[in-house]
Amino acid sequence: MLKTLLVKDYALIESINIEFGKGLNIITGETGAGKSILIDAMGLLLGERASTEVIRKGASKSYVEGIFDITNNKKIDAFLEENAIEPLPELILRREISTKGSNRCFINDTPVSLSVIKNVGNLMVDLHGQHEHQSLLRNETHIDFLDEFGNYRDLAEDYKKLYCELQNLLKEIKILKEKEASLREKKDFYSFQIKEIDSVSPAEDEEERLIEELRILENSEKLASITSSVYGSIYEDENSVYDSITKIKNELNELTGIDKSFGESFGECVNAIALINDIAEFIRNYKSKIDVDPAEVNKKRDRLGAINLIKKKYGGSVKAVLEYRNKIGAEFDLVENFSEKINSFEKQIESLREQCGKCADNISKKRNQASTLINKEVKEVLADLGIPDSNFDVRIKQNKSSSGEDYITVKGNKYSYSAKGIDEVEFYISTNVGEDMKPLAKVASGGEVSRIMLALKTILAKNDRFPLIIFDEIDTGVSGRIAQKVGRALKSLANFYQVISITHLPQIAGLADHHFIVEKNTNDRRVVSSIKKLNENERVREVAKLMSGENVTEASLEGARELINSK
């Protein structure tokens with residue numbers, strides 16, 4: 001349940017803070033006052049895309065926050081855990097749109113992506129925007145209504161994964177076939193380049209190693225001379241370091257015999273002699289291995305030259321050379337084994353076509369089961385909404401594929417398909433006795449479409465998918481006696497779910513559990529939309545205005561009281 005909605009600096013809204021209640025929340029107001037702006041702000045909060053144009057002039061950002069009661073909502077609990085969001089006693093959604101173009105979303109003060117806030121919104125709110133009922137007149141939306149009703153979401157997700165995998169493979173094999181001619185033309189050129197690179201076969205770290213080795217070889221005479229000098233200074237020359245420190249050690253030993261405080265210095269001197277011996281041993285061994293070999297120097301120079309040449313031709317670095325070699329090697333192998341690669345792809349594609357077909361067939365069976373229930377329930381709800389002799393039929397058909405490439409296989413037969421399966425769904429209706437069933441898009445009036453949408457929303461709500469349902473002028477095209485029935489349907493929904501509805505009809509407004517009015521005023525030469533909750537007396541007057549216009553009479557007030565008390 002939505003407890004509080006805070007909107008700041010959004011379009012005509014400067015700042016509003018609305019506390020909604022359980023049951024039926026009705027919003028009324030004059031045309032252009034800003035009623036639908038509230039619904040747009042709610043859509044923004046739930047993840048709809050928005051531009052900086054929604055920011056109120058003079059403000060740096062728009063801010064929308066909703067506080068929801070999620071008591072015993074296991075879906076939300078699981079969602080928060082899955083997304084590592086700290087649970088709180090209430091769920092707080094916040095969205096900010098900045099003039100700088102930044103778009104920040106938060107759940108319980110944890111920054112999240114737009115997709116995450118959209119996903120959590122989809123678990124809580126069914127937002128039915130103004131004129132959305134017209135989507136019923138587009139056949140392609142009918143399958144979505146059917147799937148919302150059906151309890152096969154996991155199956156649909158499995159199919160979508162298989163569908164995407166199949167589409168990717170079909171794209172890959174198409175690209176592969178398009179590349180075949182080009183690759184065959186380049187085959188000889190690639191062969192030459194591969195042989196040239198392989199004749200050198202540089203290792204990735206070889207260049208640095210060769211440079212280091214050449215530096216040592218080219219300075220071998222200098223190394224021999226200096227190591228001989230150092231070794232002599234340490235060990236062989238008269239007054240060598242070793243002789244001098246050994247003499248000091250002996251003297252410290254004699255001093256220690258007299259005064260033990262020299263003991264530590266004596267020990268350090270012994271350690272120094274051991275260190276000098278290690279240095280001398282390393283230098284002696286190094287000196288013995290120095291070998292001035294001009295042939296080895298020339299060999300390494302030639303190798304380094306070959307590497308530098310191949311670098312210049314193929315990328316400027318050994319790493320780039322090796323990457324290019326791998327690339328052309330893979331394409332050369334592809335040409336050599338093209339038929340084998342195509343066959344492998346085709347086997348994978350054929351397997352996926354069968355998997356997709358099996359999954360799509362299972363979804364089709366589920367849709368047929370769901371359509372039987374929808375047909376019955378929509379007819380019952382429409383009778384309550386003033387269309388007692390209606391017949392409603394969800395028709396599902398499949399088309400065999402005539403395409404040689406794009407199809408999936410169902411029980412050995414090729415079918416056309418889409419991201420939603422093999423089915424095409426269309427709603428048919430007759431609203432009077434004796435009429436033939438015809439496509440909904442061709443026979444329904446505006447008022448009938450609104451009632452059919454309300455009927456669908458009513459039966460979808462029974463699936464317990466949304467704690468909150470929002471209607472923006474679901475009563476379009478409805479008036480008089482039928483308006484009362486629409487109001488009763490909304491009221492019935494509100495017994496089980498929180499409903500927020502914008503309306504211009506007194507018959508619906510009179511049934512509200514909580515009534516809000518949106519008003520447009522001028523403040524410092526600027527238009528500002530505001531909203532307030534009406535008390536009982538204000539409600540009566542507002543419903544009376546909806547009945548008779550600005551000229552409120554005692555008769556209209558009495559009529560308003562009757563409407564309100566009729567609930």
Side-chain angles (χ1 to χ4, degrees), residues 23-31 33 35-36 38-39 126 128-134 136-137 378-390 392 429 431-432 440 443-459 461 469-518 534 538-553 555-567:
L24 181 59
N25 295 261
I26 291 294
I27 301 173
T28 60
E30 294 181 2
T31 301
K35 302 186 298 298
S36 291
L38 277 175
I39 303 300
D126 181 14
H128 182 71
Q130 189 175 12
H131 308 308
E132 187 183 333
H133 58 282
Q134 296 299 323
L136 276 175
L137 302 182
V378 168
K379 183 177 179 180
E380 291 174 355
V381 177
L382 286 178
D384 292 337
L385 292 175
I387 312 178
D389 299 316
S390 69
F392 189 84
I429 193 169
T431 55
N432 296 297
L440 173 64
V443 299
S445 67
E448 286 173 338
V449 171
S450 294
R451 282 178 279 172
I452 292 164
M453 177 62 84
L454 181 56
L456 288 169
K457 293 291 182 178
T458 299
I459 64 174
I469 305 173
I470 301 175
F471 294 109
D472 185 2
E473 298 193 12
I474 190 66
D475 50 26
T476 298
V478 172
S479 60
R481 181 178 59 86
I482 302 304
Q484 187 75 18
K485 292 180 178 291
V486 170
R488 292 291 179 192
L490 289 173
K491 187 70 174 177
S492 177
L493 272 181
N495 289 330
F496 304 97
Y497 311 99
Q498 184 187 36
V499 176
I500 298 174
S501 181
I502 289 176
T503 186
H504 62 279
L505 296 178
Q507 294 91 336
I508 295 175
L511 298 173
D513 295 307
H514 311 277
H515 191 158
F516 301 85
I517 185 170
V518 176
L534 303 180
E538 289 169 333
R539 281 193 61 204
V540 171
R541 188 165 188 82
E542 176 63 13
V543 172
K545 283 172 62 179
L546 293 174
M547 295 173 67
S548 62
E550 289 295 328
N551 185 24
V552 176
T553 64
S556 61
L557 289 171
E558 185 59 32
R561 292 187 189 97
E562 288 182 12
L563 281 177
I564 292 171
N565 293 330
S566 68
K567 67 180 182 179

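Computed from a predicted structure; not experimentally measured.
- Atom NZ of Lys491 is separated from atom CD1 of Ile26 by 9.0 Å, given to the nearest 0.5 angstrom.
- Looking at Arg561 and Glu558, a side-chain N of the basic residue comes within less than 4.0 Å of a carboxylate O on the acidic one, giving a salt bridge.
- If you take OG on Ser390 and CD1 on Ile452, they are separated by 8.0 Å, rounding to the nearest 0.5 Å.
- Thr28 and His504 share no donor-acceptor pair across their side chains, judged by distance under 3.5 Å alone.
- One finds no salt bridge joining Lys35 and Asp472 here, because no Lys/Arg side-chain nitrogen approaches an Asp/Glu carboxylate oxygen to under 4.0 Å.
- Using a 4.5 Å heavy-atom threshold, the side chains of Val499 and Phe471 count as touching.
- A pairwise comparison of heavy atoms in Leu490 and Ser501 identifies CD1-OG, 4.1 Å as the closest pair.
- Side-chain contact check for Ile429 versus Leu382: some heavy-atom pair is nearer than 4.5 Å.
- Closest approach of Ala544 to Leu557, counting heavy atoms only: CB-CD2, 3.8 Å.
- For Asp513 (side chain) and Gly23 (main-chain N/O), no donor-acceptor pair under 3.5 Å exists by modelled atom type.
- You'll find the side chain of Gln484 reaches within 4.5 Å of the side chain of Leu563, heavy atoms only.
- Atom CD1 of residue Ile387 and atom CG of residue Asn432 lie 9.0 Å apart, to the nearest 0.5 angstrom.
- Shown here for Leu385 and Ile482, the closest heavy-atom pair between the two residues is O-CG2, 3.6 Å.
- One distance of note links CG of Leu534 with CZ of Phe516; it measures 8.5 Å at 0.5 Å rounding.
- Leu511 has its side chain within reach of Arg488: a pair of non-hydrogen atoms, C-beta onward, lies under 4.5 Å apart.
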- request: Would you please test Arg539 and Glu542 for salt bridge (charged side-chain N to carboxylate O under 4.0 Å, His left out) and show each step?
  value: CA-CA 5 Å; Arg539 281 193 61 204; Glu542 176 63 13; over 6 Å; no
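- Once rounded to the nearest 0.5 Å, the distance linking CD1 of Ile517 with CD of Glu30 reads 7.5 Å.
- Met547 approaches Ser556 most closely through the heavy-atom pair SD-O, 3.9 Å.
- Across all non-hydrogen atoms, the minimal contact from Val552 to Ser548 is CA-OG, 4.0 Å.
- Scanning all heavy atoms of the two residues, the minimum distance from Ala509 to Leu546 falls at CB-CD1, 3.7 Å.
- Distance check: Asn25 CG to Ile502 CD1 gives 12.0 Å after rounding to the nearest 0.5 Å.
- Looking only at side-chain heavy atoms (C-beta outward), Val381 and Ile459 come within less than 4.5 Å of each other.
- A 4.5 Å side-chain heavy-atom check between Lys485 and Asp384 finds every atom pair outside the cut-off.
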